[in-house]
Trainee: 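Mind having a look at this structure? Questions to follow.
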Amino acid sequence: MAETVDVFLKVLFDRAVEVADPMKSLAAHLPEKPSGRVVVVGAGKASARMAEAVETVWGPCEGLVITRYGYGRPCQGIEIVEAAHPVPDEAGFAATRRMLDLLSGLGEDDYVLALISGGASALLSAPAGDISLAEKQEVNQKLLASGAPIGQMNTVRKHLSRVKGGQLAAAAYPARMLALLLSDVPGDRPAEIGSGPTVGDASTAEDAKAILKSWKVEVPETVAEVLDGATRVLAPASERLARVSNVVFAAPSQSLEAAASLAEAEGCDVEILGDALEGEARDTARAHATLALSHQRERPEGSRPLLLLSGGELTVTRRGDGVGGPNAEYALALAFALKGAPGIHAIACDTDGVDGAAEVAGAVIGPDTLMRADKAGADAEEALLNNDAHRFFETIGNQVVTGPTLTNVNDFRAIWIA
């Protein structure tokens with residue numbers, strides 16, 4: 001029975017990913033190809049797949065898109081560059097400069113299609129002021145380890161960049177621009193997707209400094225100098241953004257609803273806890289364990305299985321030197337909190353196929369997870385303390401490995417309660 005439930009949970013995750021595939025969802029939001037010069041630019045884990053979908057409708061296009069290593073797709077005219085994520089590298093640095101060159105000099109009769117998805121923040125790398133790539137990498141790594149929410153990390157990134165916070169769109173002004181956005185952020189706020197390269201932002205450099213101070217992130221002197229100076233981030237009402245339209249065409253809510261419909265068709269009751277959950281992964285897991293046990297106690301005998309679904313983006317404050325990510329850590333903390341409670345299984349995966357920096361989507365757990373770990377010599381409590389969830393689940397064979405999914409609508413979590 002346990003294996004059957006695990007397979008079912010993986011099927012639900014696959015359905016959530018399928019619905020977010022740009023090849024299935026983007027075309028409906030694409031206008032007829034404009035006459036005159038059309039330039040396609042983009043960045044993110046799903047951006048190459050988005051470019052592929054565009055050329056399926058429009059045919060070969062001029063353009064440049066930056067995606068994560070391993071996430072490239074064959075395109076007819078659009079150049080696909082692969083670069084590092086979540087910490088920027090020289091490939092992304094060089095490609096971003098070329099993208100800005102491509103946009104410079106466009107006129108008001110030209111048209112730009114921007115394809116932005118989660119991951120664009122790291123892949124579009126053009127540091128402001130005298131910040132070097134190495135210094136940008138250092139700040140990124142410290143932010144990722146700090147436990148700061150994605151929205152706050154992106155606020156800092158915007159004020160250290162020449163492309164984020166509307167600056168990519170401003171580089172194309174006065175050309176018209178349509179930005180198609182695939183959301184991976186809680187609330188689907190366009191300004192936070194990929195740090196909003198086509199969207200203005202009302203935050204200030206003072207806000208960025210306060211975030212760094214709050215999360216105890218020390219920065220190089222060049223970074224401090226940029227934040228002490230005048231920001232290049234554009235205000236939402238800036239004239240240079242007046243010709244830009246931003247459209248969110250796919251979002252976590254759609255994937256959760258698709259998984260819910262499939263589960264209901266298979267005989268489950270479903271409760272969606274929300275598509276925008278944020279917070280520390282292990283804290284959320286403990287709260288969900290309490291909720292699951294409460295539901296189990298209160299449901300009448302003979303009830304249909306209950307499925308608790310949630311999305312959003314959890315974070316991990318790095319305390320140890322293990323290999324993990326928010327979804328695997330959530331699954332491990334959930335298993336530890338449930339302590340082998342019968343009749344409860346769960347899955348936690350990132351829809352882009354990459355949880356943290358590991359090429360692993362996440363993990364599944366069940367009533368036998370801790371028992372099997374004991375037999376295999378894996379200590380759940382120690383793994384949790386050391387942020388070593390991926391190694392823990394690898395040891396007991398409960399990892400979910402998908403490879404590149406070519407999309408990204410963030411976390412997918414499902415708890416099955418008999």
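Along the sequence shown, residues carry numbers from 1.
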Trainee: Any side-chain heavy atom of Leu12 within less than 4.5 Å of one from Leu262?
Mentor: yes
Trainee: Does the side chain of Glu257 pick up a donor-acceptor pair with the side chain of Ser253 at under 3.5 Å?
Mentor: no
Trainee: Side chains of Met153 and Val156: closer than 4.5 Å at any heavy-atom pair?
Mentor: no
Trainee: Of the options Thr284, Asp350, Val316, which is the one that meets Pro326 in a side chain to side chain contact (heavy atoms under 4.5 Å, CB included)?
Mentor: Val316
Trainee: Closest heavy-atom contact between Ala48 and Thr67?
Mentor: CB-CG2, 4.0 Å
Trainee: Would you say the ring centers of His288 and Tyr330 fall short of 6.0 Å from each other?
Mentor: yes
Trainee: Go through Arg282 and Asn387 one step at a time and tell me if the side chain to side chain contact (heavy atoms under 4.5 Å, CB included) criterion holds.
Mentor: CA-CA 10 Å; Arg282 61 182 65 191; Asn387 303 123; 3.3 Å; yes
Trainee: I want to check a possible cation-pi pair here: Lys339 against Phe336, using under 6.0 Å from ring centre and within 45° of the ring axis as the test.
Mentor: yes
Trainee: Restricting to non-hydrogen atoms, name the atom on Thr402 and the atom on Gly353 that form the minimum distance, rounded to 0.1 Å.
Mentor: OG1-CA, 3.4 Å
Trainee: How would you list all residue pairs meeting salt bridge (charged side-chain N to carboxylate O under 4.0 Å, His left out) that involve residues 57-70, not counting sequence neighbours?
Mentor: Arg37-Glu62, Arg68-Glu359
Trainee: Could you tell me whether Glu218 atom CD has more than 12 heavy atoms of other residues or ligands within 6.0 Å of it?
Mentor: no
Trainee: Within a 6.0 Å radius of atom CD on Gln76, are there more than 12 heavy atoms belonging to other residues, nucleotides or ligands?
Mentor: yes
Trainee: Would you give the length of the straight line joining atom CD1 of Ile116 to atom OG1 of Thr198, rounded to the nearest 0.5 angstrom?
Mentor: 6.0 Å
